[in-house]
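Throughout, a chain's letter reflects where its sequence line sits, starting with A, and its residues are numbered from 1.
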Number of protein chains: 2
Amino acid sequence: MKSSFLSADAGPAEPKYSETALRILEAAERLFVELGLEATSLRLITQQAGVNLAAVNYHFRSKDALFEAVFARRFEPWARDCLRELDALEARASAGTARFDAEAVVMCYVRPALALSKDPSRGGALFVRLFSRVLVENHRALRETLSREWGHLVSRYTEALGRALPELTAEEVAWRLHLGFSVMFHAFAGNDILKLFGRSAVSARDPDLIVKHVVPFVLAGMAATRGEGPSG
Amino acid sequence: MKSSFLSADAGPAEPKYSETALRILEAAERLFVELGLEATSLRLITQQAGVNLAAVNYHFRSKDALFEAVFARRFEPWARDCLRELDALEARASAGTARFDAEAVVMCYVRPALALSKDPSRGGALFVRLFSRVLVENHRALRETLSREWGHLVSRYTEALGRALPELTAEEVAWRLHLGFSVMFHAFAGNDILKLFGRSAVSARDPDLIVKHVVPFVLAGMAATRGEGPSG
DNA sequence: GTACGTTTAAAACAGTTGTTTGAGGCATTG
DNA sequence: CAATGCCTCAAACAACTGTTTTAAACGTAC
């Protein structure tokens, strides 16, 4: 029933959950993405997971805590990847083997996002969509955990972009980061404004294709000259 | 049941709803934005509106129909504004009094969005946020109405941008529109990725400030030269 | 006055929600 | 053997959901 609890020193400490708990997590993840937190009932989750209803409140404390667990399981490794990328870039820049420009900073976000999107065993595109739901739906269940960890990541990226674009003011750097990450984030999440229940000319589900189009767009936007404002 | 249905030819036919119905609409709009469709109960709506519970099912058919009404009340005038802008641009371009470039097309979206954001009597920033929730939550209640009207708008913008950027392929035009509208849309909606429950360096709630920063960003992105892709 | 359609009021409807309970299974440990 | 943990199960809990029903108030027309 429980099987092997490997706890490799370097590798991720995955086997934190029993098999029942894992099946709940996986069914919940899928349903939360499709239906949202409120619209997903515990009965539907346990039914699709093939486990008993009470197992949810046994393994996780409550529905909110389950949601938090679903999110944290995917978010934390991904956040670590991002931090690793930033550390590596700083190291390479210090060693003189890489330029510390906007493209390098953007790629510190793109590479983990791309890797995540392509790896179903870590949630794949499903988690990215969940993340984007979390963003607009503003769940109480995640406020504390997220604002701490995500806040740290954001300040790292802000610092990095400021260093890459020294001619910009702090306010401008914040805006470029805000806008640039917004495009990339929603592009990876597949939030296709143009589609909106209909068909779109853009087949925005292939991660490599997303990168191909979104990176030039973002880099050009971040490097935009000031005051290219509206004329009328 | 029907009351006075003024159908002025030019002006907006506002007094479509009785006062009770209007108070329901307004309370519902606010709550749907804050809590989402599923998490907002009719009892909470009617309580905040100061009307009886049964009034919802009397004036509107059901909760889903109420949601549709809430959305349509704001969406339709705004969509008409967008179409008017596009028509006006085409007219001015034909007359030789305006250039048909990417900036002109982008402003056909920015001006209505800006006007809407600044006009509380038309939903203001609240509706833009509601719109963005609708986008990710994919409600059945809106599928038909939205996909038709929004689909028409999108094809108009696509056509316009293709005309403004004739050197790009149709696929590239679709991507630029997708990415550009994505940034603008979420910027106006206040979906601040960097914030996410915490504080952000960007005070992204002032519509004029949004325009000031997002327009140069989008224009630069749309005009990006091909193949500015990642290096590694 | 009565009669009418319109709007509101309170109560009840059947169904679903998250959560808890208490009994029991099943392996490991003494 | 009994005892101990961990876990699963079916059933029940109170609270809440959208919706319907029934009665009453309202202004207007006859």
Side-chain angles (χ1 to χ4, degrees), chain A residues 1-7 15-71 133 137 139-143, chain B residues 1-6 14-32 34-71 137 139-143:
Chain A
M1 183 68 63
K2 63 187 56 159
S3 78
S4 56
F5 270 55
L6 323 172
S7 62
K16 197 171 147 190
Y17 298 106
S18 73
E19 194 195 307
T20 305
L22 263 178
R23 286 167 68 176
I24 293 174
L25 280 173
E26 265 149 33
E29 181 172 49
R30 184 164 25 89
L31 289 168
F32 283 151
V33 171
E34 287 173 15
L35 310 175
L37 174 58
E38 315 283 351
T40 305
S41 72
L42 293 183
R43 281 167 178 82
L44 185 57
I45 293 174
T46 53
Q47 180 187 317
Q48 294 217 2
V51 303
N52 188 268
L53 170 61
V56 170
N57 291 70
Y58 175 80
H59 287 283
F60 310 89
R61 208 174 58 260
S62 62
K63 189 189 182 184
D64 275 11
L66 168 63
F67 186 70
E68 205 177 338
V70 165
F71 191 83
R133 282 197 86 125
E137 292 177 12
H139 294 119
R140 64 206 172 294
L142 295 179
R143 256 170 253 245
Chain B
M1 176 68 77
K2 62 187 55 161
S3 78
S4 59
F5 270 59
L6 319 174
E14 272 195 62
K16 198 172 150 189
Y17 297 107
S18 73
E19 195 196 307
T20 305
L22 263 179
R23 286 168 66 177
I24 292 175
L25 280 173
E26 265 149 35
E29 181 171 50
R30 184 163 25 89
L31 289 168
F32 283 151
E34 287 173 15
L35 310 175
L37 174 58
E38 315 282 351
T40 304
S41 71
L42 293 183
R43 281 166 179 82
L44 185 58
I45 293 174
T46 53
Q47 179 187 318
Q48 294 217 2
V51 304
N52 187 266
L53 170 62
V56 171
N57 291 69
Y58 175 79
H59 288 284
F60 310 90
R61 208 174 57 259
S62 62
K63 188 188 181 183
D64 274 11
L66 168 62
F67 186 68
E68 204 176 338
V70 165
F71 191 83
E137 292 177 11
H139 294 119
R140 65 203 172 294
L142 295 178
R143 254 171 254 246

Report the nucleotide, chosen from [options], that has the shortest atom-to-atom distance to any side-chain atom of [X].
{"X": "A:Thr20", "options": "D:dA12, C:dA12, D:dC7", "answer": "D:dC7"}
{"X": "A:Lys63", "options": "D:dT20, D:dT17, C:dG18", "answer": "C:dG18"}
{"X": "A:Asn57", "options": "C:dT20, D:dC7, D:dG18", "answer": "C:dT20"}

Practice task
Please state whether the phosphate of D:dT17, meaning OP1 or OP2, lies under 4.0 angstrom from any side-chain nitrogen or oxygen of B:Ser41.
Solution key: yes
Handout entry: Flag, side chain of A:Lys63 to backbone of A:Leu37, donor-acceptor distance under 3.5 Å
Key = yes
Handout entry: Donor-acceptor contact present, side-chain A:Arg43 to main-chain A:Leu53, <3.5 Å
Key = no
Rounded to the nearest Å, what distance is computed from the [atom1] atom of residue [X] to the [atom2] atom of nucleotide [N]?
{"X": "A:His59", "N": "D:dC6", "atom1": "NE2", "atom2": "P", "value": "12 Å"}
{"X": "A:Glu38", "N": "D:dA15", "atom1": "CD", "atom2": "P", "value": "20 Å"}
{"X": "A:Tyr17", "N": "D:dC7", "atom1": "OH", "atom2": "P", "value": "14 Å"}
{"X": "B:Gln47", "N": "D:dC16", "atom1": "CD", "atom2": "C1'", "value": "14 Å"}
{"X": "A:Leu22", "N": "D:dC7", "atom1": "CG", "atom2": "P", "value": "13 Å"}
{"X": "A:Asp64", "N": "C:dT17", "atom1": "CG", "atom2": "C1'", "value": "13 Å"}
{"X": "A:Leu42", "N": "D:dC16", "atom1": "CG", "atom2": "C1'", "value": "15 Å"}
{"X": "B:Phe60", "N": "D:dG18", "atom1": "CZ", "atom2": "P", "value": "15 Å"}

Practice task
Just say parallel, tilted or perpendicular for the rings of A:His139 and A:Phe67, cut-offs at 30° and 60°.
Solution key: perpendicular
Practice task
Please lay out, stage by stage, how B:Glu26 and B:Arg30 fare under the test salt bridge (charged side-chain N to carboxylate O under 4.0 Å, His left out).
Solution key: CA-CA 6 Å; B:Glu26 265 149 35; B:Arg30 184 163 25 89; over 6 Å; no
Exercise for the section: Classify the nucleic acid contact of B:Thr40 as base, sugar-phosphate or nothing, counting any heavy atom under 4.0 Å across all strands shown. Expected result: sugar-phosphate
Problem - Worked verdict on B:Ile24 versus B:Tyr17 for side chain to side chain contact (heavy atoms under 4.5 Å, CB included) - result: CA-CA 10 Å; B:Ile24 292 175; B:Tyr17 297 107; over 6 Å; no
Handout entry: Minimum-distance pair of heavy atoms, taken over all atoms of B:Ser18 and B:His59
Key = OG-CE1, 3.3 Å
Return the polar atom pairs (N/O with N/O) between nucleotides 9-11 of chain D and the protein under 3.5 Å, or none.
| residue | atom | partner | partner atom | Å |
| --- | --- | --- | --- | --- |
| D:dC9 | OP2 | A:Asn52 | N | 3.3 |

